[in-house]
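Take a look at the structure set out below.
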Amino acid sequence: MEKWFSRKNRREASSFQTNSTAATKSITKSLLQNPCLINSQSRAKQFHAQLLKCYSFPSSSSSILIIYCRLRLLHESFRAFSTIPSPSRSSWSSLISCSVASGLFPLSLSLFHRMRAFGFPPNRRLLPNVLKSCASLRNYKFGESLHACAISFGLDSDLYTTNALMNLYCKLGGWQKELNLFEEMPKTSSSMDSVRKLFHEMTERDVVSWNTVIGGNVEHGLYEEALSMVKEMTSAGLRPDSFTLSTVLPIFAEVVNAKKGKEIHCYSVRSGLDIEMFMGSSLIDMYAKCTMVEYSYRVMSRLANPDAVSWNSIIAASVQNGRFDEGFRFFREMLGLKLKPMAVTFSCLMPACAHLTSLHLGKQLHGYIIRGGFDGNVFVESALVDMYAKCGNICVARRIFDAMPSLDMVSWTAMIMGYALHGPAHEALCLFRRMEMENGKPNYVAFLAVLTACSHAKLVDDAKNFFDSMTKDYGITPCLEHYAAVADALGRAGKLEEAYEFISKMHIKPTAAVWSILLGACSVHKNAKLAEKAAKKIFELEPMDPGPHLILSNIYSAAGKWKDAAEIRTIMRRKGLKKQPACSWIEIKNKVHGFVAHDTSHPCYFKIIEAWEALKDQIRREGYVPNTDDVLHDIEEEQKIANLCGHSERLALVFGIISTPPGTTIRLTKNIRVCVDCHTAIKFISKVVGREIIVRDLNRFHHFKDNRCSCDDFW
DNA sequence: TTAGGGTTAG
């Protein structure tokens, strides 16, 4: 019988379709010799029951243990293991491998200790597994002791063990780097030296050995070395596989080199590796990081069965490239395929809500997050903090931040930037100092956040101190944005000459955006002379931008220099420059309503005008005097402002007031800065309608309440 | 024994 099914049909045998005890015994005996035939949980359990019927259990328990371990049924494996009176090294080894495969790394290490206490030496099958646990747990000390153990048992020349040792050193190098928060690690860190030494001493190397060292180099930022190793590997007669390619593709994503990335893509097509799942998501990510998201979409469309990572990659690719609608479309498609979203899915998608200022969408995703139990994930929670802050709900952002079990640099920065945008600068500064104490070395984004807070609050001395500390204490070279924030602080504080000096002495060439900060400050502080100097620099760098032309023209008008203002307008006409339309939007009953300046297309336009007329009378009685300084050049527009409510933020605001119940907080967004007159008008409106009004503009949030604004000294 | 996707800014 045994010979019969071995020869004829092994699969049939594993279904136990016989009632004969003798036959059952025979089949069972053969299955014990071929445990790979039992390939499902139910089959394993069925077999286990047969085994108990036919044999005295202890003698066969090692075999069922192997079957359960192979199927990664940890609970059943432990039960089987506990019935073995004297487990062999092989039984220990199976259980340890099963724990590692199940991701229970601490358990695997404790089992290894217990096995060693019984006097069993490690073998070439076991050690790579234990080394993997060490790498995952970042247990450097134990990893080193395992290396010594490998040497003492003569396993240091074993290919699998050496590959695992190299992997351990590659991973632990990164961890040591994290520990040395205040010290810059040398480019070729000691961990990579150990890896190189091991690699060079190897008598036999396989593709895994090469891939491991290439991956280590990539992890340590040694991109040139990684790429030259790929060439060396080919010269040594080994063909790069999908592991090699998906290891090096992130290099081209990082350095934004789509040309080289495409070469890898072509190679993968020629080698038939492009259909591999890991390759697909690496390619999607590489193209997205190189801002070639259309290629990401093409790669995705060619994947036969995209897995969860592919979906997350394409969602991330869309959101990172500002394709928010596509991001949500892929998310819905993913849900439609009954694929469960993961923590990564939400941390990819949440920034779309923040960018769209869509509190409604953000809250919906927050609901998913809570139901899915992802609210303990630091990436997801940081994205939530950022979303609530960007959507105008700084209090909820803070509540989530305070409840976070662990904080990383990004969570601190998101919260600090939230305060920087909303106004309470002292909160931002306070958090930054707490972060320095609790989290260690701030990065350049964290400095940008705290400098933004200083600039909005005109804290010139603090801005200068943080700026100096960045280089002096943390060795971070300031970039354009840091300079811009300090220049902004000086400009807002009216220290225009100092701002000009500061920009002129920058160690990198100031861009038009930096000079525009000074021009904006000159406009506020009515300094036409310096404005001319700043505008000249801008016109050299970006001659076709209408914005600076308009600002300079307005500065001239305000100073009574009508001839100069007219000349600028003539230049604009000659260059064909037109004012970019301002746009504001507001979310009412889960629908976004957009308004451009002088927009008459909204179905409620006449209701809006009627309501504005009534409001205008009320705020005038409260003391509002229209200020049209910034539109003197445009008579037609001035008339519109006087007679209607031409500015987009006013249209959106009045629509919000007439569409929501009294007392409701109104949140709206504008694509450029709120104009001076609207800012004043909204303050009065907040009082007469008794509402809190939150306006997000290009630079920051404005909280209006009872005729006051959070940035009252802003202008 | 090796590989892919994530949050802050721009």
Side-chain angles (χ1 to χ4, degrees), chain A residues 97 100 124-132 135 158-168 170-171 206-216 218-219 240-250 253 273 276-286 288-289 291 296 299 306-317 319-320 322 342-351 354 374 377-387 389-390 404 407-418 420-421 435 442-449 451-452 479-482 484-485 513:
Chain A
S97 305
V100 175
R124 65 187 296 270
R125 208 184 123 222
L126 181 64
L127 219 46
N129 271 309
V130 188
L131 284 164
K132 187 181 176 180
D158 172 62
L159 178 66
Y160 275 37
T161 307
T162 315
N163 284 348
L165 273 169
M166 291 195 299
N167 181 48
L168 174 95
C170 287
K171 299 269 162 64
D206 64 359
V207 181
V208 177
S209 323
W210 285 91
N211 287 345
T212 305
V213 185
I214 292 167
V218 174
E219 201 156 308
D241 63 3
S242 64
F243 279 75
T244 325
L245 302 187
S246 54
T247 303
V248 296
L249 266 173
L273 298 171
E276 302 242 353
M277 209 68 81
F278 277 62
M279 281 300 298
S281 42
S282 297
L283 285 167
I284 290 170
D285 183 57
M286 183 274 296
K289 299 260 164 66
T291 67
S296 304
V299 172
D307 70 353
V309 178
S310 323
W311 284 100
N312 293 334
S313 304
I314 201 70
I315 292 171
V319 176
Q320 285 162 5
M342 305 144 78
V344 185
T345 320
F346 294 106
S347 51
C348 291
L349 200 53
M350 194 60 76
F374 302 119
N377 180 293
V378 69
F379 287 86
V380 172
E381 296 208 306
S382 302
L384 273 171
V385 167
D386 180 59
M387 183 276 292
K390 296 265 173 64
M404 281 174 73
L407 298 166
D408 67 2
M409 186 59 64
V410 177
S411 20
W412 285 100
T413 307
M415 195 66 242
I416 294 168
M417 188 54 97
L421 296 177
M435 179 188 69
N443 66 6
Y444 70 104
V445 188
F447 269 104
L448 188 56
L451 287 172
T452 306
C479 60
L480 272 173
E481 288 81 11
H482 299 105

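By convention in this document, chain letters (A, B, ...) are assigned in the order of the sequence lines, proteins followed by strands, and residues within each chain are numbered from 1. Everything numeric in this text was worked out from a predicted model, so none of it was measured.
Applying the 3.5 Å distance criterion, the base of B/dG6 shares a donor-acceptor pair with the side chain of A/S347. A donor-acceptor contact under 3.5 Å is not formed by the side chain of A/S246 with the base of B/dG4.
Take A/W210 and apply the ring pair (Phe, Tyr, Trp, His ring centres under 6.0 Å) test, not counting sequence neighbours, and it matches A/F199. In this structure, the ring pair (Phe, Tyr, Trp, His ring centres under 6.0 Å) partners of A/F374, at least two apart in sequence or on a different chain, are A/F346.
For A/S313 and A/D285, the side-chain atoms include no donor-acceptor pair closer than 3.5 Å. A side-chain donor from one of A/S209 and A/N163 sits under 3.5 Å from a side-chain acceptor of the other.
Under a 3.5 Å cut-off, the side chain of A/S296 and the backbone N or O of A/I284 do form a donor-acceptor pair. For the pair A/H482 (side chain) and A/Y444 (backbone), a donor-acceptor distance under 3.5 Å is present.
Looking at heavy-atom distances under 4.0 Å, A/Y444 makes contact with a base. Contacts of A/M342 with the nucleic acid, taken as non-hydrogen atoms under 4.0 Å apart, include base atoms. Within the nucleic acid shown, A/S313 comes within 4.0 Å of sugar-phosphate atoms alone, with no base atom in reach, counting heavy atoms only. Counting any heavy atom pair closer than 4.0 Å across all strands shown, A/V380 reaches a base atom. Within the nucleic acid shown, A/A317 has no heavy atom closer than 4.0 Å to any nucleic acid atom. Looking at heavy-atom distances under 4.0 Å, A/M277 makes contact with a base. At the heavy-atom level, A/S282 lies under 4.0 Å from the strands shown only through sugar-phosphate atoms. Residue contacts shown for A/D408 include a base, since a base heavy atom lies under 4.0 Å away. Within the 4.0 angstrom heavy-atom criterion, only backbone atoms of the sugar-phosphate kind lie near A/T212; the bases stay farther away. Within the 4.0 angstrom heavy-atom criterion, no nucleotide atom of any strand lies near A/V213. As judged by a 4.0 angstrom heavy-atom cut-off over every strand, A/T162 is placed among residues making no nucleic acid contact.
The stacking criteria are not both satisfied for A/F379 over the base of B/dT7, which would need a centre-to-centre distance under 5.5 angstrom and an angle between ring planes under 30 degrees.
As a whole-Å value, the separation of A/L273 CG from B/dA3 P is 17 Å. Rounded to whole Å, the distance from NZ on A/K171 to P on B/dT2 is 7 Å. Straight-line distance from the CG atom of A/L165 to the P atom of B/dT1: 14 Å, rounded to whole Å. Taking atom CZ of A/F447 as the reference point, atom P of B/dA9 lies 17 Å away to the nearest angstrom. Rounded to whole angstrom, the span from the CE atom of A/M387 across to the P atom of B/dT7 amounts to 15 Å. Atom-to-atom, CH2 of A/W210 to P of B/dA3 comes out at 18 Å; the value is rounded to the nearest Å. The separation between A/M409 atom CE and B/dT8 atom C1' is 10 Å, rounded to whole Å. In this structure, A/N211 places its CG atom 9 Å from P of B/dA3, rounding to the nearest Å.
Residue A/K289 places no side-chain N or O under 4.0 Å from the OP1 or OP2 atom of B/dG4. Between A/K390 and B/dT7 there is no side-chain polar atom (N or O) within less than 4.0 angstrom of OP1 or OP2. Put simply, A/Q320 has no side-chain N or O that comes within less than 4.0 Å of OP1 or OP2 on B/dG10.
Between B/dG10, B/dT7, B/dA9, one nucleotide has an atom nearer to the side chain of A/M417 than all others, and that is B/dA9. Considering only side-chain atoms of A/S382, the nucleotide from B/dG6, B/dG10, B/dT7 that sits closest is B/dT7. Side-chain proximity of A/P351 to B/dT7, B/dA9, B/dG4: nearest is B/dT7. Taking every side-chain heavy atom of A/V208 into account, B/dT2 is the closest of B/dT7, B/dG4, B/dT2.
Residues A/M279 and A/L249 have side chains in contact (heavy-atom distance under 4.5 Å, counting atoms from C-beta outward).
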